[in-house]
Student: 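My structure is below; once you've seen it, I'll send some questions.
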Amino acid sequence: NLLTPCRRAKGGQIMSRVLTVDGSVKIGAYRFPDRKKPCLCVEKGNTCTVYGSFIDTDRANEFMNELAALVGARDDKERLE
C-alpha cells in the first residue's frame, strides 16, 4: 500500500492524495475542476465513485494520513496544495 500525491488522472479529475492497493484500487481525496471541495473517492478501473467531500484540503490531508496509518501504508509526506 502506498499513499501518494498525483496530479492528473483519467476523466480530468485531479487526484490529491491517493492510497493505492495492489495497483488496481485507489482510495483518496480527489479534486475535480467543477467542485470547490476535495472529494472522498474510490477508483476501480475506469470508474471513480464519489462517497463524500471534505470541508477543506487540511481535513483531506488529515483523513488520508490517518487512513494510511491505519492500513500501514508508506507515505511520501507530501501534502495537498
Side-chain angles (χ1 to χ4, degrees):
N1 298 339
L2 179 63
L3 181 66
T4 60
C6 298
R7 297 297 168 231
R8 186 67 59 186
K10 296 179 286 240
Q13 72 266 25
I14 300 168
M15 298 186 300
S16 301
R17 302 279 293 167
V18 178
L19 178 65
T20 304
V21 181
D22 297 327
S24 60
V25 177
K26 297 176 184 174
I27 302 168
Y30 288 60
R31 297 182 72 186
F32 294 91
D34 62 338
R35 294 182 183 224
K36 292 182 180 181
K37 298 177 182 181
C39 298
L40 175 61
C41 300
V42 174
E43 184 178 347
K44 292 181 182 179
N46 293 330
T47 304
C48 185
T49 305
V50 176
Y51 287 97
S53 62
F54 299 96
I55 60 171
D56 59 24
T57 55
D58 287 337
R59 300 301 85 77
N61 281 317
E62 289 175 9
F63 176 81
M64 290 309 298
N65 290 335
E66 291 292 332
L67 181 59
L70 181 68
V71 299
R74 288 185 303 132
D75 186 358
D76 64 9
K77 302 296 182 192
E78 192 172 330
R79 293 177 52 84
L80 169 63
E81 299 288 329

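Quantities reported herein were computed from a predicted structural model and do not represent experimental measurements. Here, residue 1 is the first one in the sequence, and each next residue gets the next number.
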Student: Are Y30 and E43 close enough that some pair of their side-chain heavy atoms sits under 4.5 Å apart?
Tutor: yes
Student: Under the salt bridge (charged side-chain N to carboxylate O under 4.0 Å, His left out) rule, collect the residues that match up with R59, sequence neighbours excluded.
Tutor: D56, E62
Student: Mind checking the OG-CZ spacing from S53 to R35? Nearest 0.5 Å is all I need.
Tutor: 7.5 Å
Student: Go through the steps to decide whether V25 and I27 satisfy the test side chain to side chain contact (heavy atoms under 4.5 Å, CB included), and finish with yes or no.
Tutor: CA-CA 7 Å; V25 177; I27 302 168; 4.3 Å; yes
Student: Taking the side chain as every heavy atom from C-beta outward, state whether F32 and C48 have any atom pair closer than 4.5 Å.
Tutor: yes
Student: Only one of T57, D58, N61, I55 forms a side-chain contact (heavy atoms from CB on, under 4.5 Å) with P38, so which one is it?
Tutor: T57
Student: Just wondering, do L40 and V50 contact through their side chains at under 4.5 Å, heavy atoms?
Tutor: no
Student: Just jot down the side-chain contact (heavy atoms from CB on, under 4.5 Å) partners of T49, sequence neighbours excluded, or say none.
Tutor: T47, Y51
Student: Taking the side chain as every heavy atom from C-beta outward, state whether L19 and M64 have any atom pair closer than 4.5 Å.
Tutor: yes
